[in-house]
Engineer: 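Provided herewith is a single structure, encoded as structure tokens, for subsequent inquiry.
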Number of protein chains: 2
Amino acid sequence: MSLREIANHAKVSTATVSRVINGIPTVNRNLAKRVWKAVGERGYSANSQARCVVSGKSRLFGLVISDMRDPFFPEIVQSFEAAAIEFGCETLVTSTLHDPKRMELSVRRMVERRIEGAAVLTFGSEEVIIENLRAQEIAAVFVDVEPRRSKAGVVQIDYKRGTRHAVQHLAALRHERIGYVGGPAHSKTALAKRSAFEECMHEISLDVSSELMVAGDDTVEGGMRALTLFARLQDRPTAIVCSTDMAAVGVMKRAHELGMAVPQELSVIGFDDIPLAGFVTPPLTTVIVPKAELARLAFRALICELNPARDEIYQPQKYLLNTDLVLRRSTALACLRRSGLTDLQSLVSNSHTGETVT
Amino acid sequence: MSLREIANHAKVSTATVSRVINGIPTVNRNLAKRVWKAVGERGYSANSQARCVVSGKSRLFGLVISDMRDPFFPEIVQSFEAAAIEFGCETLVTSTLHDPKRMELSVRRMVERRIEGAAVLTFGSEEVIIENLRAQEIAAVFVDVEPRRSKAGVVQIDYKRGTRHAVQHLAALRHERIGYVGGPAHSKTALAKRSAFEECMHEISLDVSSELMVAGDDTVEGGMRALTLFARLQDRPTAIVCSTDMAAVGVMKRAHELGMAVPQELSVIGFDDIPLAGFVTPPLTTVIVPKAELARLAFRALICELNPARDEIYQPQKYLLNTDLVLRRSTALACLRRSGLTDLQSLVSNSHTGETVT
DNA sequence: CTGTTAGCGCTTTCAC
DNA sequence: GTGAAAGCGCTAACAG
């Protein structure tokens with residue numbers, strides 16, 4: 001099942017078979033027909049490994065994520081793969097699990113397979129990856145982090161915009177004491193989201209007292225712990241913005257355990273819009289990160305890094321990904337306890353209908 | 001950055017470099033040291049593509065799933081990749097999305113990359129995959145389906161065992177009218193699960209009237225539709241077994257909308273134990289399918305197909321994967337409305353504590 | 001133990 | 001337009 005075999009059976013040279021297979025138009029119609037016939041009969045399929053050796057292009061791309069099991073990623077992986085397929089490329093996915101050893105191994109494996117470039121979506125703990133990728137001078141696209149080097153684009157997510165919608169939505173519902181559950185302190189992504197929140201609060205002159213800012217870890221358990229903290233406060237928040245949906249789910253779960261009704265007594269907003277967000281009770285109002293678009297953008301950016309526009313001094317490309325709020329049922333009018341009204345006020349029904357604003 | 005370059009710098013032949021890189025022990029210590037030094041200085045990394053061409057082994061495996069976004073798969077993908085890494089192999093993942101066109105393309109792509117074998121986990125709609133894989137005589141391991149051909153192992157999931165636990169658990173809670181929400185009618189997996197349910201019911205002489213058997217589609221929406229049907233019944237079931245957690249989530253969601261309390265008025269059991277199952281309200285009692293083990297098993301089975309024991313006539317290997325029930329909070333004592341007791345009885349609290357039986 | 005050499009399956013000049 | 005031949009980076013005989 002090699003080129004040679006097909007050549008023999010079609011009574012042509014290997015060069016001709018190669019040309020036919022690759023659709024080079026300067027081949028005699030008859031010869032081409034004979035070749036295709038032989039290919040069909042023998043069930044021949046080109047060996048891309050061999051092709052890669054001679055062409056020097058592997059048509060292979062790496063996709064580095066932190067954890068497949070994080071519901072944020074599956075759609076991204078799917079869409080990245082789809083984008084790659086469109087370009088006739090294959091994807092090598094790997095999870096770092098935040099483990100430096102694994103990261104190093106991942107990069108080494110990808111380098112040995114001669115990937116042409118890699119997209120890195122680890123959301124905080126990518127130092128080792130960046131280091132190794134740079135050492136090998138592999139084209140890369142990072143999400144969120146901005147590594148100053150050549151052949152490295154960056155896709156940034158517009159945390160500000162979505163967060164602003166979230167904060168203003170809460171303000172419109174008369175919330176003033178708004179708590180924030182952030183991600184791990186060391187993560188740049190978490191920092192960026194938190195800054196966005198603070199700025200959006202300042203924009204409309206709302207307080208961000210430090211007792212209302214807690215650092216979580218983007219897990220359900222972290223969200224639960226965060227709400228436990230808030231619940232102990234003298235003056236509790238009436239609404240909570242979370243840096244991830246997982247944290248928001250945890251917040252809601254703990255609220256349920258403590259008998260705090262969401263959204264009547266506590267409004268909750270998440271971030272990411274993972275599928276789970278639509279299934280919890282009540283369905284979670286959250287900030288959409290367009291994951292399919294993110295993946296497509298990352299792949300295209302990679303392609304662009306690889307084929308830089310001629311006649312221009314290289315400059316790492318930068319992309320900004322839009323975000324938006326989707327209204328579901330986890331937010332409602334503030335219960336206004338602080339204004340001296342009784343808890344009965346908390347029965348005020350949700351003011352909106354759960355339509356999607358996208 | 002080729003072997004030759006390293007050879008020049010270390011003043012040895014390419015053969016020696018190759019031997020050193022591959023850890024062949026019959027090499028002079030000094031030469032080896034020189035080679036490793038050059039390798040380190042130049043940052044050399046072997047080109048596996050070239051290796052594959054000469055060795056004929058790609059160390060690449062395919063993993064065919066139906067949809068990355070189905071929460072059943074991420075852990076499997078992760079664990080399969082981990083198993084492959086242990087063997088120094090790489091994984092090419094692809095989603096069929098139940099689309100024959102995509103399946104054919106997937107197989108073709110994998111064949112061109114010269115995968116050594118593939119694991120197929122599409123749970124019903126694998127005909128095209130099987131056909132294409134067989135045509136190329138690629139070693140394969142299937143989950144659930146049993147394609148009679150050589151070089152094809154099969155991993156079966158013990159649906160019976162987990163389902164029996166589920167049914168008997170419900171029976172112990174005095175449930176007698178138990179509904180079943182199955183998967184798509186055309187799916188072999190769905191059929192196997194359904195048969196398991198029916199047999200388990202018969203084992204303990206419980207009725208499976210046809211009005212209590214509905215075919216869903218393993219989605220939340222399907223589960224919702226199923227409960228709508230059940231709710232219309234004169235004599236409603238007091239408990240429902242679902243063929244997947246997603247369906248169970250839908251059942252619970254619709255129950256919530258209809259004001260039926262789970263578990264007080266309706267007990268629900270799922271299947272798969274996807275992460276979501278632990279996060280819904282109430283947490284879902286479900287049948288565990290050990291996904292990490294499934295992935296490891298599938299990979300090892302693949303390896304075994306590739307290195308068949310000598311001196312034995314080939315026989316496709318068959319593996320059985322255990323299942324078990326995990327008790328959470330979606331089941332409770334039957335409300336016994338049929339016995340003439342009032343609805344107040346439905347407030348009887350859940351009889352167990354949510355411990356995990358694994 | 002080491003180097004020379006052939007060749008894996010393919011693409012790509014370069015003559016014809 | 002087509003084929004002969006060189007060569008991609010590597011491994012594996014084989015000779016020494």
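Everything numeric here is computed off the predicted structure, so don't read it as measured data. Lettering follows sequence order; numbering is per chain, from 1.
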Engineer: Check every atom of C:dT11, D:dC8, C:dT2 against the side chain of A:Val53 and return the nucleotide holding the closest atom.
Structural biologist: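 Nearest to the side chain of A:Val53 among the choices is D:dC8.
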
Engineer: Considering only side-chain heavy atoms of A:Thr16, which listed nucleotide, C:dT11, D:dT2, D:dA4, is closest?
Structural biologist: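 In terms of side-chain proximity for A:Thr16, the closest of C:dT11, D:dT2, D:dA4 is D:dT2.
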
Engineer: Would you say a side-chain N or O of A:Ser13 is under 4.0 Å from OP1 or OP2 of D:dT2?
Structural biologist: no

Engineer: Find the distance B:Arg113:CZ to C:dG9:P and express it as a whole number of Å.
Structural biologist: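 From B:Arg113 CZ to C:dG9 P: 18 Å.
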
Engineer: Tell me: CG of A:Leu3 to C1' of D:dG3, nearest whole Å?
Structural biologist: 14 Å

Engineer: Could you tell me the separation between the CG atom of A:Asn8 and the C1' atom of C:dG9, rounded to a whole number of Å?
Structural biologist: 14 Å

Engineer: Of all residues at least two apart in sequence or in a different chain, which pass the salt bridge (Lys or Arg N to Asp or Glu O under 4.0 Å) check with B:Arg300?
Structural biologist: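 Testing B:Arg300 for salt bridge (Lys or Arg N to Asp or Glu O under 4.0 Å), a comparison that skips the adjacent residues, returns none.
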
Engineer: Does anything in residues 20-40 of chain A come within less than 4.0 Å of DNA chain C? Heavy atoms only, and list the residues if so.
Structural biologist: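 When residues 20-40 of chain A is checked for heavy atoms under 4.0 Å from DNA chain C, the hits, listed by number, are A:Asn22.
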
Engineer: What integer distance in Å separates A:Lys57:NZ from C:dT11:C1'?
Structural biologist: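 Nearest whole value for this atom pair: 15 Å.
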
Engineer: Choosing from C:dG3, D:dC10, D:dG7, which nucleotide comes nearest the side chain of A:Val54?
Structural biologist: D:dG7

Engineer: Examine D:dT11: is either OP1 or OP2 under 4.0 Å from a nitrogen or oxygen in the side chain of B:Arg51? Give yes or no.
Structural biologist: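 Yes, within the criterion.
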
Engineer: Can you tell me the distance, in whole Å, between the CD atom of A:Gln49 and the P atom of C:dC8?
Structural biologist: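 Atom-to-atom, A:Gln49 to C:dC8, this comes out as 16 Å.
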
Engineer: Considering every strand and a 4.0 Å limit on heavy-atom distances, what is the contact class for A:Ser55: base, sugar-phosphate, or nothing?
Structural biologist: nothing

Engineer: What is the distance, rounded to the nearest whole Å, between atom CZ of A:Arg4 and atom P of C:dT11?
Structural biologist: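 Value for this atom pair: 13 Å.
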
